[in-house]
Amino acid sequence: MVRAGPEPVVVPATYGLANGVWFKLKQGMRGLVVHDRKGAPVVFLICQPATRYYQVMTRSDWMPALVGEVI
């Protein structure tokens with residue numbers, strides 16, 4: 001079986017949750033889809049260093065890569 005590399009995807013979402021804090025999203029989050037040994041798709045969210053606002057809001061050093069917006 002020939003396996004393709006990871007492919008970029010947009011995870012559609014209207015809200016996100018980090019450390020008990022819900023936040024509104026406009027278009028979703030970026031991710032990568034890969035396939036496991038049985039061929040089932042598995043999605044991993046892409047993370048980036050948190051903005052200062054996101055860091056204060058969620059107490060997290062990392063945030064999801066968002067589509068078309070910055071928190």
Side-chain angles (χ1 to χ4, degrees):
M1 171 188 253
V2 176
R3 297 190 187 267
E7 296 179 30
V9 294
V10 172
V11 178
T14 53
Y15 286 92
L17 175 67
N19 292 332
V21 178
W22 287 95
F23 52 94
K24 183 106 172 97
L25 299 173
K26 293 179 182 173
Q27 298 181 42
M29 299 174 270
R30 298 192 186 282
L32 293 173
V33 66
V34 295
H35 292 85
D36 67 12
R37 292 180 183 164
K38 294 182 180 180
V42 179
V43 175
F44 293 90
L45 288 180
I46 298 172
C47 294
Q48 62 188 31
T51 61
R52 179 71 180 141
Y53 182 82
Y54 187 92
Q55 196 173 34
V56 169
M57 180 176 71
T58 64
R59 297 173 312 281
S60 177
D61 293 332
W62 294 93
M63 64 183 279
L66 305 177
V67 178
E69 69 178 307
V70 176
I71 294 180

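For the numbers below, each heavy atom of this structure counts, side chains included, while hydrogens, waters and symmetry mates do not. Computed from a predicted structure; not experimentally measured.
Atom CG of N19 sits about 10.0 Å away from atom CE of M57, to the nearest 0.5 Å. Rounding to the nearest 0.5 angstrom, the gap separating the CG atom in L32 from the CD1 atom in I46 is 4.0 Å.
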Enumerate, atom names and distances included, each donor-acceptor pair closer than 3.5 Å involving a side-chain atom of residues 59-66, sequence neighbours excluded.
| from | atom 1 | to | atom 2 | distance (Å) |
| --- | --- | --- | --- | --- |
| S60 | OG | W62 | N | 3.3 |
| S60 | OG | W62 | O | 2.8 |
| D61 | OD1 | Q55 | NE2 | 2.8 |

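Closest heavy-atom contact between P41 and V33: CB-CG2, 3.8 Å. E69 approaches K24 most closely through the heavy-atom pair OE1-O, 4.3 Å.
Linking ILVMFWY side-chain heavy atoms closer than 4.5 Å, directly or via other members, places V67 and Y54 in two distinct hydrophobic clusters. Both L17 and Y15 are part of a single hydrophobic cluster, where members link through side-chain heavy atoms under 4.5 Å apart.
Membership of the apolar cluster around V34 extends to V42, F44, as traced through chained side-chain contacts below 4.5 Å between ILVMFWY residues.
For K26, the NZ atom counts as loosely surrounded, since its 6.0 Å shell holds 12 or fewer non-hydrogen atoms of other residues, nucleotides or ligands.
In this structure the side chain of M29 never reaches within 4.5 angstrom of the side chain of V10, judged on heavy atoms.
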